[in-house]
**Q** 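One structure coming up, written as structure tokens, with questions to follow.
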Amino acid sequence: MTVHQGLNFVGGAWVPASSGATFRRRNPADPGDVVGEFPESSGADAGAAVAGAVEGAALWGAAPAEKRADVLEAAARWLEERADRLVAELVREEGKTRAEAAMEISRTPRNLRFYAAEAHRITGQSHPAADGGIVYTRREPVGVVGAITPWNFPLNIPSRKIGPALAAGNAVVFKPSPVTPLLAQRLVEALLAGGLPPLAIALVHGGADAGAAVAADERVGAVTFTGSTRAGRAVHAAVGPTRRAQLEMGGKNPVVVLDDADLERAAQLIVKGAFGLSGQACTGTSRVIAHEAVHDELLGRVARAAEALVVGDGRRDGVDMGPLAADFQLEKFLGYVRIGEEEGARLVTGGRRLSGAGYGGGYFVRPAVFDGVTPRMRIAREEIFGPVLAFQRASGFDEAIELANGTPYGLSAGIVTRDLDRALEFARRCESGLVKVNQPTSGMAMTVPFGGLKESSTQTFKEQAGPSMMLFYTQEKSVYISPR
Ligand code: NAD
């Protein structure tokens with residue numbers, strides 16, 4: 001298999017890290033397979049990337065909306081024309097199944113097209129003035145945007161940041177996750193092939209140090225970050241009060257199942273939400289809060305469905321769940337299974353690494369389902385970001401809502417019921433940015449504002465779509481004009 005030789009894109013050129021340091025990314029289904037070698041960037045590399053982007057912002061900010069839209073459209077086409085290759089690369093690099101990878105690869109160009117249209121919709125307001133003149137507002141690009149992203153959607157999440165940032169006329173310094181550097185590089189290649197002026201985009205591979213340097217650089221006017229709450233806090237502190245930050249972070253997403261629920265449907269959407277993407281979706285289901293009248297039957301159905309999932313290399317047909325994305329993800333999964341058992345929760349199924357024929361040294365696990373989880377347990381409160389599902393028992397609707405709200409997070413929350421009144425009351429009372437009724441907690445529409453509450457988000461600007469998204473990437477001036 002090809003070992004890709006990745007590079008940074010700094011000052012309009014593909015370059016190694018200034019120190020020459022590199023890191024290797026391995027296929028999580030077969031860690032002997034080296035996907036590629038990429039620059040391990042330092043603060044100096046990030047600084048050089050920002051310097052180039054400052055020049056790029058002046059160029060790109062002057063480009064007309066038609067040109068900005070054309071570039072994003074052309075980048076979308078480039079990705080679509082290479083969809084098969086990109087799906088294979090995504091499966092190999094991140095460990096997604098082919099179906100999961102195909103979903104991501106099809107969404108990213110659609111995102112870029114959506115934001116291409118936004119380039120045309122940047123408008124201001126005009127106000128009458130007492131002296132017969134006019135006051136108007138104009139929206140301008142912020143300048144340089146820093147985009148720091150996680151690995152679980154290595155094209156899709158960056159496209160939701162870089163797409164609107166470029167549509168608004170900013171230059172972008174992109175610091176992707178070191179877990180998925182190849183796919184990040186593909187997105188930059190698509191934008192360049194689409195005609196983006198080279199200085200308008202920079203790519204800085206590497207880990208937390210490179211990200212921290214981008215966030216701390218005063219020349220970066222806005223930082224958009226998606227990742228863990230821990231890293232998000234550090235980014236927020238680095239950005240400080242005079243620049244802007246948009247942070248989307250972790251979750252501990254519950255599904256409440258009421259006593260009138262269709263239990264077959266509930267089990268299906270819980271298993272999809274909990275174990276899709278190998279449990280590595282920010283909006284994935286990590287807790288089930290079941291009414292005591294249906295708890296035992298639901299638990300049995302979910303456990304059986306979890307046991308029926310085919311775990312294996314995403315390249316193989318018929319696989320439902322690929323490996324965990326990295327060795328640190330495997331360690332975290334096994335660590336939390338141990339914590340759950342030590343805390344006194346009952347491991348109903350799964351929770352073990354898979355090895356032997358067909359698994360090699362890959363990071364394959366059987367999805368874990370715990371019962372008897374109480375609110376104080378760590379597996380009920382902390383984000384695991386892996387296929388671990390905690391069952392909690394509720395005696396009624398009010399207790400179910402209290403349990404659902406009983407974590408520091410507030411990203412996505414679901415309810416399964418036939419009772420519309422209760423569903424709407426849940427939507428009012430639950431403390432989460434996304435509410436799903438009879439749907440998995442994961443999954444969302446591209447045209448809808450996205451973001452969490454509580455420790456899942458800064459709540460400064462909603463991502464993805466909606467009025468606040470383009471506000472984040474533009475700054476506003478009020479211009480006063482008097483007649484002569
Ligand atoms: P992470 O926080 O470890 O890393 C995210 C990015 O931040 C990476 O590029 C990383 O290199 C960088 N980074 C880490 N420390 C930094 C620092 N101090 N300063 C600047 N940059 C830093 O997260 P991850 O493991 O890549 O992704 C998983 C996490 O992302 C989970 O917590 C998940 O819930 C979250 N996530 C959230 C959403 C959402 O929309 N809310 C979506 C996807 C993933």
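Order of appearance sets the numbers: ligands from 1, and atoms from 1 within every ligand. Keep in mind that the numbers below use all heavy atoms, side chains included, and drop hydrogens, waters and symmetry copies.
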**Q** With a heavy-atom distance limit of 4.0 Å, tell me whether Ile148 approaches ligand 1 through its side chain, its backbone, both, or neither.
**A** side chain

**Q** Please work out whether any backbone atom (N, CA, C, O) or any side-chain heavy atom from C-beta onward of Phe153 is under 4.0 Å from ligand 1, and answer side chain, backbone, both or neither.
**A** neither

**Q** For ligand 1, indicate whether the residue Trp151 contacts it via side chain, backbone, both or neither (heavy-atom separation under 4.0 Å).
**A** both

**Q** Which atoms of ligand 1 are found less than 4.0 Å from any heavy atom of Asn152?
**A**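 With Asn152 as reference, the close atoms of ligand 1 come out as 43 (C), 44 (C).
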
**Q** Closest by any non-hydrogen atom to atom 38 (C) of ligand 1: pick that one out of Cys282, Ala213, Gly232.
**A**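 Heavy atom nearest to atom 38 (C) of ligand 1 belongs to Cys282.
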
**Q** Specify the protein heavy atom at minimum distance from atom 41 (N) of ligand 1: its residue, its atom name, and the distance to 0.1 Å.
**A** Met249 O, 2.7 Å

**Q** Side chain of Arg243, backbone of Asp217: donor and acceptor closer than 3.5 Å?
**A** yes

**Q** If you count heavy atoms of other groups shown closer than 6.0 angstrom to NZ of Lys332, is the number above 12?
**A** yes

**Q** Can you list the atoms of ligand 1 that are under 4.0 Å from a heavy atom of Ala231?
**A** 2 (O), 14 (C), 15 (N), 16 (C)

**Q** If you have a sec, work out which protein heavy atom is nearest atom 40 (O) of ligand 1 and how many Å separate them, to one decimal?
**A**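 The protein heavy atom lying closest is Phe450 CE2, 3.1 Å.
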
**Q** Can you check whether Val214 reaches Phe174 side chain to side chain, under 4.5 Å on heavy atoms?
**A** no

**Q** Taking NZ, NE, NH1 and NH2 as the nitrogens, is one of them in Arg186 or Glu189 under 4.0 Å from a carboxylate oxygen of the other?
**A**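 A salt bridge is present here (some side-chain N lies under 4.0 Å from a carboxylate O).
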
**Q** Of the backbone atoms (N, CA, C, O) and the side-chain heavy atoms from C-beta on, which set of Val179 has a member under 4.0 Å from an atom of ligand 1: side chain, backbone, both, or neither?
**A**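 Contact part for Val179 vs ligand 1: neither.
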
**Q** Indicate the ring-plane relationship of Phe9 and Trp14, choosing parallel, tilted or perpendicular according to the 30° and 60° boundaries.
**A**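 Geometry flag for Trp14 against Phe9: tilted rings.
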
**Q** Which of the atoms in ligand 1, numbered in the order shown and given with their element, are less than 4.0 Å from a heavy-atom of Ser177?
**A** 9 (O)

**Q** At less than 4.0 angstrom from any non-hydrogen atom of Val235, what atoms of ligand 1 do you find?
**A** 19 (N), 20 (C)

**Q** Could you list the atoms of ligand 1 found under 4.0 angstrom from a heavy atom of Ala212?
**A** 19 (N), 20 (C), 21 (N)

**Q** Is it true that Gly452 lies under 4.0 Å from ligand 1, counting heavy atoms only?
**A** no

**Q** So which heavy atom in the protein is nearest atom 35 (C) of ligand 1, and how far is it from that ligand atom?
**A**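 Here the nearest protein heavy atom works out to Gly227 O, 3.2 Å.
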
**Q** Is it the case that atom CD in Gln5 sees more than 12 heavy atoms from other parts of the structure closer than 6.0 Å?
**A** yes

**Q** Inspect the surroundings of CE in Met103 and state if more than 12 heavy atoms from other residues, nucleotides or ligands are less than 6.0 Å away.
**A**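 Count not over threshold, so no.
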
**Q** Please write down residue, atom name and distance for the protein heavy atom closest to atom 31 (C) of ligand 1.
**A**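 Ranked first by proximity to atom 31 (C) of ligand 1 is Glu383 OE1, 3.4 Å.
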
**Q** Any idea which part of Leu411 is under 4.0 Å from ligand 1, heavy-atom wise: side chain, backbone, both or neither?
**A**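 The answer is the side chain of Leu411.
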
**Q** Could you check whether any side-chain N or O of Ser468 sits under 3.5 Å from a backbone N or O of Lys462, counting only pairs where one atom can act as donor and the other as acceptor?
**A** yes

**Q** So, are Glu343 and Arg376 salt-bridged, with charged N and O less than 4.0 Å apart?
**A**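 Salt bridge: no.
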
**Q** What atoms of ligand 1 come within less than 4.0 Å of a heavy atom belonging to Gly250?
**A** 32 (O), 34 (O)

**Q** Which of these, Gly211, Gly146, Ala208, has its nearest heavy atom closest to atom 13 (N) of ligand 1?
**A**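 Nearest option to atom 13 (N) of ligand 1, by heavy atoms: Ala208.
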
**Q** Could you identify the single nearest non-hydrogen protein atom to atom 2 (O) of ligand 1 and state the distance to 0.1 Å?
**A** Ser228 OG, 2.6 Å

**Q** Within a radius of less than 6.0 Å around CG of Asp33, do more than 12 heavy atoms belonging to other residues, nucleotides or ligands occur?
**A** yes

**Q** Can the positive tip of Arg160 be found less than 6.0 Å from the middle of the six-membered ring of Phe450, inside 45° of the ring normal?
**A**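 Arg160 over Phe450 ring: yes.
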
**Q** Considering only protein heavy atoms, which is closest to atom 28 (C) of ligand 1, and at what distance to one decimal place?
**A** Phe385 CE2, 3.5 Å

**Q** Under 4.0 Å, heavy-atom basis, I'd like to know which part of Ala234 is in contact with ligand 1: side chain, backbone, both or neither.
**A**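 The answer is the side chain.
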
**Q** Looking at Glu463 and Lys161, is any side-chain nitrogen of the basic one under 4.0 Å from a carboxylate oxygen of the acidic one?
**A** yes

**Q** Using a strict 4.0 Å threshold on nitrogen-to-oxygen distance, state whether Glu341 and Arg352 make a salt bridge.
**A**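 Salt bridge between Glu341 and Arg352, a charged N being under 4.0 Å from a carboxylate O: yes.
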
**Q** Would you say that Arg244 contacts Val142 through its side chain, given a criterion of any heavy-atom pair below 4.5 Å between the two side chains?
**A**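 Sidechains of Val142 and Arg244: in contact.
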
**Q** For Ser42 and Ser19, run side-chain hydrogen bond (donor to acceptor under 3.5 Å, both in side chains): C-alpha distance rounded to whole Å, both residues' side-chain angles, the deciding distance at 0.1 Å, then the answer.
**A** CA-CA 8 Å; Ser42 62; Ser19 68; 5.8 Å; no

**Q** Near Lys175, which atoms of ligand 1 are under 4.0 Å from a heavy atom of that residue?
**A**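 Those qualifying, in numeric order: 8 (C), 9 (O), 10 (C), 11 (O).
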
**Q** Counting only heavy atoms, which portion of Ser457 has something under 4.0 Å from ligand 1: side chain, backbone, both, or neither?
**A**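 Contact part for Ser457 vs ligand 1: neither.
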
**Q** State whether the shortest distance between N or O atoms of Thr226 and N or O atoms of ligand 1 falls below 3.5 angstrom.
**A**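 There is no such contact.
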
**Q** What atoms of ligand 1 come closer than 4.0 angstrom to any heavy atom of Pro176?
**A** 9 (O)

**Q** Contact between Ile157 and ligand 1, counting heavy atoms under 4.0 Å?
**A**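 Yes; Ile157 lies near enough to ligand 1 that a heavy-atom distance drops under 4.0 Å.
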
**Q** In the protein, which heavy atom is nearest to atom 8 (C) of ligand 1, and how far is it?
**A** Thr149 O, 3.3 Å

**Q** My understanding is that only one of Glu382, Glu331, Glu383 makes a side chain to side chain donor-acceptor pair (under 3.5 Å) with Tyr336; could you say which?
**A**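 For Tyr336, the side chain to side chain donor-acceptor pair (under 3.5 Å) check succeeds only for Glu382.
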
**Q** Touching ligand 1 at all, Gly207? Heavy atoms, strictly under 4.0 Å?
**A**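 Contact check Gly207 vs ligand 1: positive.
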
**Q** Could you grab the distance from atom OG1 of Thr229 to atom NZ of Lys252, nearest 0.5 Å is fine?
**A** 12.5 Å

**Q** Looking at atom 27 (O) of ligand 1, what's its closest protein heavy atom, distance included?
**A**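 Checking every protein heavy atom, the shortest distance to atom 27 (O) of ligand 1 gives Pro150 CB, 3.3 Å.
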
**Q** If you scan the protein for heavy atoms around atom 21 (N) of ligand 1, do you find one that is closer than 4.0 Å?
**A** yes

